[in-house]
Amino acid sequence: MPTALSVLDLAPIAPGQTARDSFAASVALAQAAERSGYTRVWYAEHHNMASIASSATSVLIGHIAEHTETIRLGAGGIMLPNHSPLVIAEQFGTLESLFPGRIDLGLGRAPGSDQNTMLALRRDPMSADSFPQDVLELQGFLAGRSRVTGVQAVPRGEGVLPLYILGSSLFGAQLAAQLGLPYAFASHFAPDALHQAVALYRENFRPSDQLAEPYVIAGVNVFTAEDSEEAAEQAKVAYRNRTRNFISRGPGGATLTDAEVDAFLASPGGRQLASMTKYTAKGTPDEVRAYLEKFASDAQADELITVHQAIGIEDRIRSVELTAAAMALEPARG
């Protein structure tokens with residue numbers, strides 16, 4: 001059994017809805033996760049994606065924090081090469097000052113965008129190479145031990161703002177182990193290197209001021225419903241929509257029919273895309289519990305971060321609630 005269960009909210013903009021609708025849905029989902037006993041809800045930095053509303057990640061975290069009471073909230077993650085470490089230290093120092101003891105900061109080195117968007121972000125294509133140094137610089141700002149002479153991050157939260165290294169390859173595992181930080185693997189969309197990366201991280205972990213023992217979070221997609229057929233249908237619709245967004249990305253993209261999407265998924269390229277969601281739990285609460293318990297054991301995960309991907313917010317909330325009950329989470333009190 002994992003020691004904790006959390007939620008990654010992709011802040012989706014459903015077909016026919018707006019970003020404002022997405023933010024309202026994210027508030028409702030976080031409140032449900034809080035009531036149900038989840039440890040944290042994370043939001044990821046994505047850009048130039050018409051179906052995802054979490055591009056201004058720190059702003060969204062602050063909005064959700066205002067509408068919740070106790071659950072931890074954070075970035076899973078901030079793509080640090082898109083920003084200066086000082087700016088991120090200021091943003092998350094502000095969040096930690098406003099919501100002490102509730103803020104996490106997960107860091108990734110991918111652009112979270114395509115090449116043109118990367119240029120629009122004023123991002124140097126080589127900036128990912130300095131990711132380890134940028135993490136250390138950011139860590140210094142957050143701890144009040146700046147590595148930049150004469151520069152400090154203001155405001156800075158009074159408590160410890162924990163850092164997490166995110167990854168989908170061996171690079172992040174090595175860095176997290178070297179720095180003694182928790183490691184979150186994006187197995188909900190990049191499953192291939194999960195077991196090798198976790199083994200590498202655990203074998204090479206060095207204790208740090210933040211963390212004495214290795215700590216692994218693994219991502220997994222979840223569709224929990226009252227019956228298996230309903231869960232399977234939710235997964236089918238959600239993954240069709242995901243595929244459609246992937247193919248039609250960008251202004252003026254073609255709108256594909258269900259039949260065209262299904263034909264693509266049956267092609268070699270489509271099968272590769274479908275394999276990205278290899279780790280998906282779907283079915284009744286009992287079926288999902290069995291899947292998650294085995295997945296956590298196989299992945300050597302201390303925590304699972306669940307991605308509830310049903311299109312409708314009511315279905316996502318129900319999935320969150322049913323999964324929590326199945327995994328015997330203790331609901332939040334008062």
Side-chain angles (χ1 to χ4, degrees), residues 6 39-40 42-45 57-59 61-62 65 72-112 121 123-124 126-186 197-198 200-202 204-217 302-303 305:
S6 295
T39 299
R40 69 188 92 243
W42 278 0
Y43 308 88
E45 176 187 348
T57 315
S58 59
V59 178
I61 292 168
R72 297 194 65 89
L73 301 164
I78 289 293
M79 301 299 106
L80 191 54
N82 293 342
H83 314 275
S84 76
L86 177 60
V87 167
I88 297 305
E90 291 169 340
Q91 290 178 5
F92 280 80
T94 299
L95 287 169
E96 175 63 25
S97 297
L98 290 169
F99 309 101
R102 295 184 58 202
I103 303 301
D104 300 330
L105 177 50
L107 302 168
R109 68 173 184 140
L121 287 165
R123 182 179 185 269
D124 183 341
M126 304 303 293
S127 59
D129 295 343
S130 64
F131 180 66
Q133 293 74 30
D134 288 346
V135 171
L136 290 173
E137 186 176 315
L138 173 59
Q139 195 173 39
F141 284 134
L142 292 172
R145 297 190 295 269
S146 175
R147 292 171 172 257
V148 181
T149 303
V151 178
Q152 60 180 324
V154 180
R156 182 170 66 87
E158 295 181 4
V160 175
L161 199 164
L163 296 182
Y164 298 76
I165 298 298
L166 278 58
S168 58
S169 68
L170 303 187
F171 179 89
Q174 292 171 323
L175 180 62
Q178 179 183 348
L179 299 181
L181 295 176
Y183 180 52
F185 193 90
V198 170
L200 181 67
Y201 168 70
R202 290 192 175 279
N204 294 280
F205 181 83
R206 301 177 186 175
S208 67
D209 291 343
Q210 179 177 326
L211 195 63
E213 300 288 340
Y215 192 86
V216 172
I217 302 174
D302 301 288
E303 178 177 337
I305 191 156

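The chain is numbered in sequence order, starting from 1.
- Between Asn82 and Glu45 the shortest heavy-atom distance is ND2-OE2, 2.9 Å.
- Every residue two or more places apart in sequence or in another chain that forms a side-chain hydrogen bond (donor to acceptor under 3.5 Å, both in side chains) with Ser6 is listed here: Glu303.
- Between the side chain of Ser130 and the backbone N or O of Gln133, no donor-acceptor pair lies under 3.5 Å.
- Remark: Arg202 pairs with Val198, Pro214, Val216, Gln300, Asp302 by the side-chain contact (heavy atoms from CB on, under 4.5 Å) rule, at least two apart or across chains.
- Evaluation of the side-chain hydrogen bond (donor to acceptor under 3.5 Å, both in side chains) rule for Tyr201 yields no partner, not counting sequence neighbours.
- Under the rule for a side-chain contact (heavy atoms from CB on, under 4.5 Å), the partners of Arg102 that lie at least two apart in sequence or sit in another chain are Glu34, Ala65, Thr68, Ile71, Leu73, Phe99.
- Inter-residue side-chain proximity for Ser58 and Leu95 is flagged as met; some heavy-atom pair is nearer than 4.5 Å.
- Residue pairs meeting the ring-ring contact (aromatic ring centres under 6.0 Å, His included) criterion with at least one member in residues 126-163: none, sequence neighbours excluded.
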Donor-acceptor contacts, no H, no angles, side chain residues 173-186, under 3.5 Å, sequence neighbours left out:
| from | atom 1 | to | atom 2 | distance (Å) |
| --- | --- | --- | --- | --- |
| Tyr183 | OH | Ser169 | O | 3.1 |

Please tabulate, for side-chain N and O atoms in residues 144-155, each donor-acceptor pair with protein atoms closer than 3.5 Å (sequence neighbours left out).
| from | atom 1 | to | atom 2 | distance (Å) |
| --- | --- | --- | --- | --- |
| Ser146 | OG | Val148 | N | 3.0 |
| Ser146 | OG | Val148 | O | 3.0 |
| Ser146 | OG | Val151 | O | 2.7 |
| Arg147 | NE | Leu136 | O | 3.4 |

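- Looking at residues two or more places apart in sequence or on another chain, you find a side-chain contact (heavy atoms from CB on, under 4.5 Å) between Leu105 and Ala75, Ile78, Ile88, Phe92, Leu107, Leu138, Leu142, Leu161, Leu163.
- Residues passing the side-chain contact (heavy atoms from CB on, under 4.5 Å) test with Pro100 are Glu96, sequence neighbours excluded.
- Atom-to-atom distance recorded for Leu98:CG and Thr94:OG1 is 6.5 Å, nearest 0.5 angstrom.
- To the nearest 0.5 Å, the span separating OH on Tyr215 from CZ on Phe205 amounts to 12.5 Å.
- Residues forming a salt bridge (charged side-chain N to carboxylate O under 4.0 Å, His left out) with Arg156 (at least two apart in sequence, or on another chain): none.
- Taken to the nearest 0.5 Å, the CD1 atom of Ile217 stands 11.5 Å off from the CD1 atom of Ile165.
- To the nearest 0.5 Å, atom CZ of residue Arg109 and atom OG of residue Ser168 are 8.5 Å apart.
- What you find for Pro162 and Asp104 is that their closest heavy atoms are CG-OD1, 3.6 Å.
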